[in-house]
Structures are given as structure tokens and as C-alpha cells.
Amino acid sequence: MLNPGPTNVNESVRRAMLAPDMCHRDSEFADTLKRVCQKLIRVANGADRYDVVPFVASGTGVNEAMMSIVRGRMLALVAGRYSERLYLIAQRLRVDVIRLDFDPYQGIDVSRVAEVLAADSSISHFCLVHHETTTGVMAPLTALGELAALHNVQMFVDGVSSIGGHDFDLCRDNVAAATLSANKCLESLPGISFLYAKKTLLAESKGRSCSFYFDVYEQWQRCSSTGRPPFTAAIPLFFAAEVALDRLLVETVLGRARRYRGLKRYLEQGLQGLGYRLVPLPEGQSSNILTLAYLPVGCEYERLHSLLAQQGITIYTDEATLRKGIIFFATLGDMHEKDVDRFLVALSECTAASLQGQSAF
Ligand SMILES: *Cc1c(COP(=O)(O)O)cnc(C)c1O
């Protein structure tokens with residue numbers, strides 16, 4: 001799989017799901033849940049100031065939970081598909097939200113955010129996506145965290161495709177709340193997601209959620225005090241997540257970030273060797289897992305996709321990106337250079353076949 005999540009998981013993660021039948025109110029499950037949350041705190045350096053609230057949902061679900069506790073005015077920093085989605089979620093939840101747009105391939109310009117915050121003291125929060133998963137551009141989180149502290153506003157971060165595979169530090173960057181799903185850089189299976197939040201923020205969120213299922217305060221109280229979630233949990237997925245977290249803590253976030261970077265460079269070189277032209281991203285702001293390239297002239301994406309699928313390889317590029325003549329490949333998960341080698345051989349064949357005799361580049 002070279003799509004940006006769900007991703008390739010290690011066999012030990014998959015096997016962890018084959019645990020005995022269990023109820024989500026059993027103490028054994030409560031212990032697992034507690035350990036999963038503690039390990040997640042270590043991954044993002046939450047120390048003792050943050051807690052993790054688990055949800056049975058994909059990443060969008062936990063983003064909705066996060067946005068449901070906003071009281072005040074939210075500034076949405078929109079620089080791509082996923083930050084646009086945060087804005088839409090806020091609108092749907094009737095949050096008082098305004099947006100500030102940026103060029104998706106340039107990313108967030110901190111000085112413009114500073115201007116808006118200085119000019120409008122009614123803004124109490126801003127939200128952003130740390131890694132925009134369709135452009136590969138990272139947000140300048142440390143500088144934005146400093147701005148949040150300066151203006152005393154809360155920074156809400158969608159970290160779904162960054163946390164675990166990129167430098168991310170809740171305390172250092174003054175993050176108020178952040179989201180993560182199990183199936184990206186955590187290298188576990190899809191279906192469960194997590195909200196990181198300052199304990200002070202969680203305590204203030206009582207009665208705020210307009211959603212019954214995604215009531216952050218209730219979920220936090222039940223999970224952190226008793227370890228017994230209010231609703232049926234996706235029990236086997238938590239077992240898988242714990243094994244995945246153990247693997248991450250052994251590899252370390254820094255080690256994983258380095259492996260991902262190395263794979264990305266390796267893929268970039270291979271693509272250039274095949275004649276693919278890479279899309280340049282702003283210096284120092286590209287993610288560790290996404291590589292963008294121009295689709296060769298005359299090469300049809302749908303055909304390329306299905307030829308690769310016949311070889312057991314999955315790629316995915318969203319429509320807005322394709323309209324620009326760009327495709328992307330994600331190298332995350334339990335992936336190594338030999339996997340990239342296999343992909344490059346297949347891509348070479350499939351590119352040639354999809355060109356159907358037209359001159360290539
Ligand atoms: C994958 C992803 C999500 C969540 O998408 P789902 O389809 O709900 O899993 C949210 N934000 C970002 C940045 C993502 O990459």
C-alpha cells in the first residue's frame with residue numbers, strides 16, 4: 001500500500017486482534033485501555049499535563065469530537081483538503097468560525113496568522129492540520145504555538161497523519177488539543193482514534209459537546225477514571241494498537257521519522273530514475289511520508305491504478321491533486337527499501353503499459 005493511510009501493518013499487530021472474547025467492561029480491557037493512553041502520552045510528550053481520550057471512529061470522528069468543545073471564536077487556517085474539512089466540521093457544529101486561506105503548496109504563513117490574531121481579540125482558538133496529507137506540506141507548529149501563547153488562544157491540531165512519524169511535542173509547542181487515528185504513522189489498524197488535550201481543557205469541557213456519542217467530557221471521565229468506556233469499544237483494535245505502540249516506542253518517534261525520511265528519499269531517487277518529475281515543496285516543510293510527482297504526459301491515472309492493483313499494489317491520489325496533473329505516493333507503515341524496490345519495478349512496467357505506445361515524458 002502506497003496510499004496515505006490506512007497503512008501496512010506488521011503481522012504482530014494483526015495477530016494481536018486474535019485475543020479471547022471480552023467485554024469492554026472487563027478489568028482486563030480497562031487495563032489495556034489505560035496502558036494504550038499512557039503510551040500515547042509518551043509518544044507525543046504530554047507529560048502529566050495532558051490526557052488522551054479514545055474514540056471508536058476514524059480520524060474525522062475524533063476531529064468532530066475536538067471541534068465540539070470549542071466555546072468562543074475559532075479561526076480555521078485552511079491550506080488544503082483536511083483543513084478545509086476542519087472548517088466544514090466547525091460550521092456544521094455551529095461553532096463561530098472564520099477562515100484564513102493559504103496556498104496549499106506553500107502552506108501556512110505565520111505572519112498572516114499573527115496579523116489576524118492581533119487585529120481580532122475575539123478569536124479564542126485557531127485550528128490547523130499539522131501535515132496536509134494531499135500536499136505533503138507541514139505546518140510551522142512551533143512558531144504557531146508561540147503565537148497561541150502570545151495571544152492567549154487555544155491551538156487545536158489535526159495530527160492524524162503526522163503524530164508518530166514526525167517531530168511532535170505537545171508541551172513544547174503549547175498544543176491545547178490534537179487528534180490522531182490508529183491507522184497512519186502509528187502503524188495500527190483503522191477504526192479507533194484519539195484526542196490529546198490539556199487536562200485543564202478537558203475539565204472545562206463539561207456539558208459543551210452538542211453530540212451524545214462524541215461527548216468529550218463524558219468519554220474522558222469514564223475512560224480515565226474507571227477505564228470503562230460508555231459505549232461498546234472496538235476491543236480487538238485496542239489490542240492491536242497496544243502492540244503497534246510498543247513497536248513505536250522501541251523504534252522511537254525519531255527513529256521512525258528517520259526511516260520514513262530515508263524511504264521517501266529512496267523513492268524520490270527511484271522515481272527520477274524512471275523519468276518522473278518531482279513536485280518541489282517549500283524548503284524544510286515537506287513531510288516524511290508523501291512524495292509528489294507529475295503524472296507523465298499521456299499516462300492515464302485510472303489505468304495506472306488498475307495495472308498496479310493487479311500486482312497487489314495500492315496507490316491513491318485525490319481528485320483535486322489529479323486535476324493539477326500531480327500524483328502522490330505515501331511511504332509509511334511497516335515498509336522498507338525492498339518494498340520500494342518492488343514498487344518501482346511494478347511502476348516502471350505499469351507506466352510503460354499505461355502509455356500504450358505514446359512517447360513517455
Ligand atoms: C486521514 C486523515 C484524516 C481522517 O480521515 P478519515 O477518512 O476519517 O480516516 C484527517 N486528517 C488528516 C490530515 C488525515 O490525513
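As the structure lists them, so they are numbered: ligands from 1, and atoms in each ligand from 1. Counting from 1, the numbers follow the sequence of the chain as shown. The shown structure was predicted, so the numbers you read here are calculated from the model rather than taken from an experiment.
Between Tyr196 and Phe168, the ring-plane angle classifies as tilted under the 30° and 60° cut-offs.
Between Asp158 and Arg85 there is no salt bridge, since none of the side-chain N atoms of the basic residue sits less than 4.0 Å from a carboxylate O of the acidic one.
Apart from Val160 itself, the hydrophobic cluster it occupies contains nothing, where clustering links Ile, Leu, Val, Met, Phe, Trp and Tyr at side-chain heavy-atom distances under 4.5 Å. With a 4.5 Å cut-off between side-chain heavy atoms of Ile, Leu, Val, Met, Phe, Trp and Tyr, the cluster of Leu332 takes in Tyr260, Ile289.
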Solution key, residues 200-210 side-chain donor-acceptor pairs under 3.5 Å, sequence neighbours excluded:
residue	atom	partner	partner atom	Å
Ser205	OG	Leu202	O	2.7
Arg208	NE	Glu204	O	3.3
Arg208	NH1	Ile69	O	3.2
Ser209	OG	Ser68	OG	3.1
Ser209	OG	Phe214	O	3.4
Ser209	OG	Val216	N	3.2

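Annotation: ligand 1 has protein neighbours Ser58, Gly59, Thr60, Asn63, Tyr82, Arg85, Val129, His131, Thr133, Asp158, Val160, Ser161, Lys184, each with a heavy atom less than 4.0 angstrom from the ligand.
In this structure, Tyr316 contributes its side chain and Ala330 its backbone to no donor-acceptor pair below 3.5 Å.
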